[in-house]
Asks: 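Mind looking over this structure? Questions follow.
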Amino acid sequence: MKSKLVVMKFGGTSVGDASCIARAAQIAASAAGENSVLVVVSAMSSVTNRLIEAATLAESGESAKAQEILKAIRHLHEATLRELALDAETRIQLMSHIDRVLADAKRLCEGTALLRELTPRSLDVISSLGERLSAPIVAAMIAALGTASEPVEATELIVTDGFFGGAEPLMDPTRQRCEARLRPLLQKGNVPVVTGFIGASQEGALTTLGRGGSDYSATILSAALLADEAIIWTDVNGVLSADPRLVPEARTIPEISYREAAELAYFGAKVLHPKTLRAVMPHEIPVWIRNSFAPQEAGTKITAKGRSKAGGVKAITAIGDVSLIALGGPAIVGLPDVVGRTFSTTARVRANVLLISQSSSQNDICFIVASADAKRTVEALREQFSQDLAHHKVEHISLDPRIAIVAVVGENMRGTVGMAGRTFSALGRESVNIIAIAQGSSESNISFVVELHDMRKAVVALHGEFSLGAVEVNHAERSSHL
Ligand code: ADP
Ligand code: ASP
Ligand code: MG
């Protein structure tokens, strides 16, 4: 009997080419020497984007261009297989699996082009194909290293509601399916390789958990099987004090709380899907973020308590692909139900509202949603308030995509006097114009809206203000796999 159950998720870049896949397989196989290991994989990097592009092209009738993309995806996987140390028979089997999956993709794109309609349900099926291509390859590589391994489709495991493009798991049936399908494999020492990002509704329709959702798949499966820990293998040394693409001197945070990491993910730190920690929080399963390109680095440990840090601030984060929606006009004061109607409309279209601000005169309500949700939210609001617009009770419902949210995150900020003062003085010195500040924000963050062109400047200024680039003494502990 192996000592622990470890769930390992490999992101798109960690399975991005043959050498990455070989390295990921090596990490999983060597961990399996000591522990029970369940692997979750993403599609090879860029494949999901390309599949979505093919689906969108098909919708606008550009069938030939969509087929070109599918051919390029076939070529990528074929070239990858050629480079991997696999025997001829395995390679032939994998290639015929790839051809079967891509034949499905071709049919789906043809159907979409014929109807000129891409339903959320078909988009989910098409965008899920990348994980269905990568999982059997990773399993074959682990098996080639001498550790029994088999691919498992998450549609057999993760039961979700029927919300295509952002489904939520139903944990009771998911737990039952995981016990029935995965536990016997794990007990035999087999390493199951599950397709990330995907689930299926109770009626059996394929759903996805939202872009970047493989992180969430890993923690859903960790919770379902009560794993001892989850390790999310990615392309950076853990959760950093800022996005390294914005602040090159950002540092790894050795330990952080669920709450802080969730705030960071929610406010744009792409390293974690925003819902990732929801699944493991009730069970206090630790989650590690580690670099598959530098497995010698300890990474970041995310736990219930985290670790306090003097000064309170742990990280600065930002999201650029968001839009500000404002609903205004002098008569808004006289419409008592306007707030209720606004947010029941956003809830109905499932737009995720990231930040809300209301002007004190109540003539204006503004809130921020992901740019991908903005158009349908504005359309739904215009419909909801059509009478009020016609009678000029509401004067405008406007949309501004040229903004960004910046958040300062850290659990101990609540007890630390002067954090807001330092934040806004630092921004003032850099002449960053603040458009709105969050109302009723959680005490583990200060979040505000700036113009998109000021986003980088704001993040760099605050990273400097709170000395987040300074080296910290590291790590009392390491995850199971070194
Ligand atoms: P994966 O393909 O492994 O899921 P992602 O691209 O989704 O990886 O997430 C990792 C990326 O997240 C990093 O390469 C980095 O650019 C970005 N990122 C943004 N903010 C942070 C942060 N605070 N800490 C670490 N990485 C961050
Ligand atoms: N492949 C999916 C995406 O690109 C899921 C993931 O990588 O987490 O969104
Ligand atoms: Mg990701």
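What you see is a predicted model, and the numbers here were worked out from it, not measured in a lab. Just so you know, ligand 1 is whichever comes first in the structure, and atom 1 is the first atom listed for that ligand.
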Asks: Side chains of E168 and Y216: donor-acceptor distance under 3.5 Å anywhere?
Replies: yes

Asks: Short question: side chain of T377, backbone of T346 - any donor-acceptor pair under 3.5 Å?
Replies: no

Asks: Do the side chain of D228 and the main chain of V6 share a donor and acceptor less than 3.5 angstrom apart?
Replies: no

Asks: For atom 4 (O) of ligand 1, what is the nearest protein heavy atom, given as residue, atom name and distance?
Replies: K9 NZ, 3.1 Å

Asks: Indicate the atoms forming the closest heavy-atom contact of L157 with V152, along with that distance.
Replies: CD1-CG1, 4.0 Å

Asks: Return the minimal non-hydrogen interatomic distance between V369 and A374, and the atom names on each side.
Replies: CG2-CA, 3.8 Å

Asks: Write out the residue and atom name of the closest protein heavy atom to atom 26 (N) of ligand 1, then the distance separating them to 0.1 Å.
Replies: V271 CB, 3.5 Å

Asks: Please confirm whether the backbone N or O of E465 pairs with a side-chain atom of R422, one donor and one acceptor, at under 3.5 Å?
Replies: yes

Asks: So is G213 in contact with ligand 2, going by heavy-atom distances below 4.0 Å?
Replies: yes

Asks: Provide, to 0.1 Å, the distance between atom 17 (C) of ligand 1 and the closest protein heavy atom, together with that atom's residue and name.
Replies: R245 NH2, 3.6 Å

Asks: For ligand 2, which atoms have a heavy atom of E131 less than 4.0 angstrom away?
Replies: 1 (N), 2 (C), 5 (C)

Asks: For ligand 1, which atoms, with element, lie under 4.0 Å from some heavy atom of T13?
Replies: 2 (O)

Asks: Starting from atom 2 (O) of ligand 1, find the nearest protein heavy-atom neighbour and note its residue, name and distance.
Replies: G12 N, 3.1 Å

Asks: Counting N and O atoms only, with roles assigned by atom type, does the side chain of H77 sit under 3.5 Å from a partner on the main chain of I73, one being a donor and the other an acceptor?
Replies: yes

Asks: Can an N or O of L240 be found at a distance shorter than 3.5 Å from an N or O of ligand 1?
Replies: yes

Asks: With the threshold set at under 4.0 angstrom, would you say G238 reaches ligand 1 through any of its heavy atoms?
Replies: yes

Asks: Checking contacts here: is it the side chain or the backbone of A242 that comes within 4.0 Å of ligand 1, counting heavy atoms only? Could be both or neither.
Replies: backbone

Asks: Could you tell me, atom by atom, which parts of ligand 2 come under 4.0 Å of a heavy atom of T48?
Replies: 1 (N), 2 (C), 3 (C), 4 (O)

Asks: For a side chain to side chain donor-acceptor pair (under 3.5 Å) check, start with the C-alpha distance between E297 and N291, then their side-chain angles and the critical distance, and finish with the verdict.
Replies: CA-CA 7 Å; E297 298 288 336; N291 191 347; over 6 Å; no

Asks: Could you tell me which atoms of ligand 2, counted from 1 in the order shown, lie closer than 4.0 angstrom to a heavy atom of S42?
Replies: 6 (C), 7 (O), 8 (O)

Asks: Would you call the rings of F10 and W233 parallel, tilted or perpendicular, taking 30° and 60° as the class edges?
Replies: parallel

Asks: Determine the minimum heavy-atom distance between S42 and V15, stating which atoms define it.
Replies: O-CG2, 3.6 Å

Asks: Contact between G212 and ligand 2, counting heavy atoms under 4.0 Å?
Replies: yes

Asks: Between V236 and ligand 1, which residue portion shows a heavy-atom distance shorter than 4.0 Å: side chain, backbone, both, or neither?
Replies: side chain

Asks: I'd like to know if E110 pairs up with R107 as an ion pair, taking the criterion as any Lys NZ or Arg NE/NH1/NH2 lying under 4.0 Å from an Asp or Glu carboxylate oxygen.
Replies: no

Asks: Does ligand 1 have any atom sitting under 4.0 Å from a heavy atom of V239?
Replies: yes

Asks: Determine, considering heavy atoms only, which of R251, R211, K270 sits nearest to atom 5 (P) of ligand 1.
Replies: K270

Asks: Mark up the atoms of ligand 1 that fall under 4.0 Å of a heavy atom belonging to A269, in ascending order.
Replies: 20 (N), 23 (N)

Asks: Of the protein's non-hydrogen atoms, which lies at the shortest distance from atom 6 (C) of ligand 2, and what is that distance?
Replies: S214 OG, 3.3 Å

Asks: Just to check, does D235 reach to within less than 4.0 Å of ligand 1 when the distance is taken from its heavy atoms?
Replies: yes

Asks: Could you verify whether a donor N or O on one side chain and an acceptor N or O on the other, from N49 and R211, lie under 3.5 Å apart?
Replies: yes

Asks: Would you mind running through ligand 2 and noting each atom that sits below 4.0 Å from a heavy atom of R211?
Replies: 3 (C), 4 (O), 9 (O)

Asks: Using a strict 4.0 Å threshold on nitrogen-to-oxygen distance, state whether E150 and R181 make a salt bridge.
Replies: yes

Asks: May I ask which of I289, L272, D243, T234 has a heavy atom nearer to atom 15 (C) of ligand 1 than the others do?
Replies: D243

